[in-house]
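Below you'll find the structure, written out as structure tokens, and then a few comments.
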Amino acid sequence: MKIVTIIGARPQIIKAAALSRAIKTHYANKIQEIIVHTGQHYDDNMSAVFFDELGIPRPDYNLHVGSASHGVQTARMTEGIEGILLKEQPDFIVLYGDTNSTLAGAVAAAKIHIPIAHVEAGLRSFNKAMPEEINRIVCDHCSTLLFSPTQAGVENLQREGFALINEPPYTIDNPKVYHCGDIMYDNSLHFAEIAETKTNIINKLGLKDRPFILATIHRDTNTDYPERLDAIFSALLTLSEQYHVVLPLHPRTNKLLKTNLEAAKQEQLFSSPNISIIPPVSFLEMIALERHARLVMTDSGGVQKEAYFFKKPCIILRPETEWIEIVQTGNAILADANESRIMQAWQHFNDNPPTKFPEIFGDSHAAEFILNEMLQQEM
Ligand code: UD1
Ligand code: UDP
């Protein structure tokens with residue numbers, strides 16, 4: 001079986017590591033993987049760093065699309081991916097998550113009848129102002145095999161008309177929905193111990209015996225609105241009086257802080273001895289930070305889940321989440337970009353540190369399940 005895997009943004013590169021590792025370990029003589037990097041993320045610390053660290057094969061193609069408006073970026077990717085698919089004629093294209101690289105892959109493949117396997121299918125925030133929500137919906141409705149990490153994802157698909165009783169052969173018009181667990185759970189468990197021995201970030205930042213909050217912020221709904229950025233950073237500044245704050249800064253946020261956060265607050269933030277604002281870190285460093293943090297504050301989809309994997313409370317800096325289970329189990333609170341709600345959430349977790357983290361993200365073998373199911377299809 002020949003598959004083309006599309007990666008582009010940081011989380012997709014990390015997710016792809018799980019499938020590539022399972023191919024290498026279990027299916028090397030059965031599956032040929034061609035990796036296409038769209039170039040959506042291109043800084044070394046947003047892309048290159050992950051390949052060596054996570055053992056991902058070098059991309060066979062790089063489209064180098066870089067940054068642009070949604071339309072321009074997606075169009076460039078779609079054109080490039082279409083050309084590669086026509087040349088390679090794979091049995092499947094594998095798409096991850098919900099970025100513009102996912103959308104481009106879906107549109108390119110569906111129109112030339114290459115079956116799509118969507119990993120992280122079915123997730124919904126029910127907020128179509130998010131570009132990711134549009135990308136997820138389009139990709140799911142163009143897919144042949146839909147791999148949902150959660151039961152909620154399966155139910156969302158059912159509500160949108162996907163039948164769970166379809167019989168093979170599966171096609172875009174007769175798709176198959178699977179509940180298979182989360183490949184990021186596979187990854188986080190696989191790399192957790194390695195992160196302890198291979199990284200030094202905890203010592204480097206002087207965090208060994210120092211409780212700290214780990215924060216990440218990059219959603220356009222936060223970075224593009226001065227009042228929302230102000231609320232988040234005001235809360236972080238207040239919290240930093242009690243606990244050290246570590247903030248690996250996404251390039252989007254780094255750029256927009258300069259225009260969208262008032263100068264005095266920027267000065268306070270960057271000069272505070274209690275806040276470590278650092279460039280994006282590698283995945284192993286991120287895992288080490290997550291494991292040692294007291295609490296995680298984030299608007300990232302991946303990071304809120306990893307907080308759960310490592311049994312840490314999480315304050316989600318969004319009004320809603322597609323990972324509703326972590327909120328339902330009481331281990332994360334949706335505080336939005338609202339200073340008082342962030343402070344209340346902090347107080348809540350300080351007074352009642354969560355202790356129960358039920359296994360809701362599978363058995364850490366999602367990648368093998370996905371590959372096995374793809375191999376079963378006789379397209
Ligand atoms: C993208 C995804 C988002 C995902 C995030 C993961 C879409 C619509 N958004 O958001 O779902 O959560 O990736 O991190 O696909 N930039 C750099 N260097 C880079 C990459 C980006 O400086 O290597 C800067 C550029 O100024 C760029 C901005 O970041 O304009 C935003 O990058 P983009 O890929 O468009 O969106 P993200 O916010 O990263
Ligand atoms: N991540 C990382 N370095 C960082 C910040 C995040 O390796 O400095 C990892 C994180 O552990 C998670 C993924 O990147 O696996 C999440 O990506 P991001 O927050 O950019 O996007 P999202 O998940 O929101 O789409």
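When a ligand or atom number is given, it counts from 1 through the structure's own listing order.
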Do me a favour and list the nearest non-hydrogen protein atom to [atom] with residue, atom name and distance?
| atom | value |
| --- | --- |
| atom 16 (C) of ligand 2 | S300 OG, 3.8 Å |
| atom 6 (C) of ligand 1 | P11 CD, 3.5 Å |
| atom 9 (C) of ligand 2 | I14 CD1, 3.6 Å |
| atom 5 (C) of ligand 2 | R10 NH1, 3.2 Å |
| atom 8 (O) of ligand 2 | V281 N, 2.9 Å |
| atom 22 (O) of ligand 1 | P251 CB, 3.3 Å |
| atom 25 (O) of ligand 2 | P11 CG, 3.5 Å |
| atom 18 (N) of ligand 1 | D43 OD2, 2.9 Å |
| atom 17 (C) of ligand 1 | Y42 OH, 3.2 Å |
| atom 25 (C) of ligand 1 | S67 OG, 3.4 Å |

For ligand 2, which part of E285 has a heavy atom less than 4.0 Å away: the side chain, the backbone, both, or neither?
neither
Using a 4.0 Å heavy-atom cut-off, say whether S282 meets ligand 2 through its side chain, its backbone, both or neither.
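Near ligand 2, S282 shows its backbone, while the atoms from C-beta on stay back.
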Between R228 and T221 (side chain of the first, backbone of the second, donor and acceptor by atom type, cut-off under 3.5 Å), is there such a pair?
yes
For the pair N45 (side chain) and S282 (backbone), establish whether a donor and an acceptor sit closer than 3.5 Å, ignoring hydrogens and angles.
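Checked: no pair found.
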Taking [atom] as the point of reference, which of [options] owns the nearest heavy atom?
| atom | options | value |
| --- | --- | --- |
| atom 2 (C) of ligand 1 | H70, Q40, R252, R10 | Q40 |
| atom 35 (O) of ligand 1 | H250, Q73, E133 | Q73 |
| atom 23 (O) of ligand 2 | G302, P279, P248, A307 | G302 |
| atom 39 (O) of ligand 1 | H41, M46, R219, H218 | H41 |

Going by distance alone, is a donor N or O of one side chain under 3.5 Å from an acceptor N or O of the other, for [X] and [Y]?
| X | Y | answer |
| --- | --- | --- |
| Q151 | E155 | yes |
| N350 | R294 | yes |
| H244 | S276 | yes |
| S234 | K265 | yes |
| N338 | S340 | yes |
| N222 | R219 | no |

Provide the number and element of each atom of ligand 1 under 4.0 Å from a heavy atom of [X].
| X | answer |
| --- | --- |
| T99 | 15 (O) |
| E132 | 3 (C), 9 (N), 11 (O) |
| A9 | 13 (O) |
| N100 | 7 (C), 8 (C), 15 (O) |
| K255 | 26 (O), 30 (O) |

Say you draw a straight line from CD of E306 to CD1 of I326; how long is it, rounded to the nearest 0.5 Å?
10.5 Å
Just which atoms of ligand 2 are under 4.0 Å from any heavy atom in P280?
8 (O)
With heavy-atom distances below 4.0 Å as the criterion, list the atoms of ligand 2 near R219.
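Those of ligand 2 that fall under 4.0 Å from R219 are 22 (P), 24 (O), 25 (O).
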Between T298 and Q304, does a side-chain hydrogen bond (donor to acceptor under 3.5 Å, both in side chains) hold up when you go through it step by step?
CA-CA 6 Å; T298 189; Q304 58 182 273; over 6 Å; no
Run through L284, L214, T216, V303 and flag the one making a side chain to side chain contact (heavy atoms under 4.5 Å, CB included) with L289.
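Output: one option passes, namely L214.
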Measure the acute angle between the ring planes of W346 and Y243, then classify it against the limits of 30° and 60° as parallel, tilted or perpendicular.
perpendicular
Looking at Y308, is K311 sitting on its ring face, NZ or CZ under 6.0 Å from the six-membered ring centre and within 45 degrees of the normal?
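No, K311 does not lie over the aromatic ring of Y308.
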Does E132 come within less than 4.0 Å of ligand 2, judged by its heavy atoms?
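So E132 does not count as touching ligand 2.
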Based purely on interatomic distance, does E306 place a nitrogen or oxygen under 3.5 Å from a nitrogen or oxygen of ligand 2?
yes
Report the C-alpha distance between Q12 and H37 in whole Å, list the side-chain angles of each, state the deciding distance to 0.1 Å, and finish with yes or no for side-chain contact (heavy atoms from CB on, under 4.5 Å).
CA-CA 10 Å; Q12 293 167 324; H37 193 325; over 6 Å; no
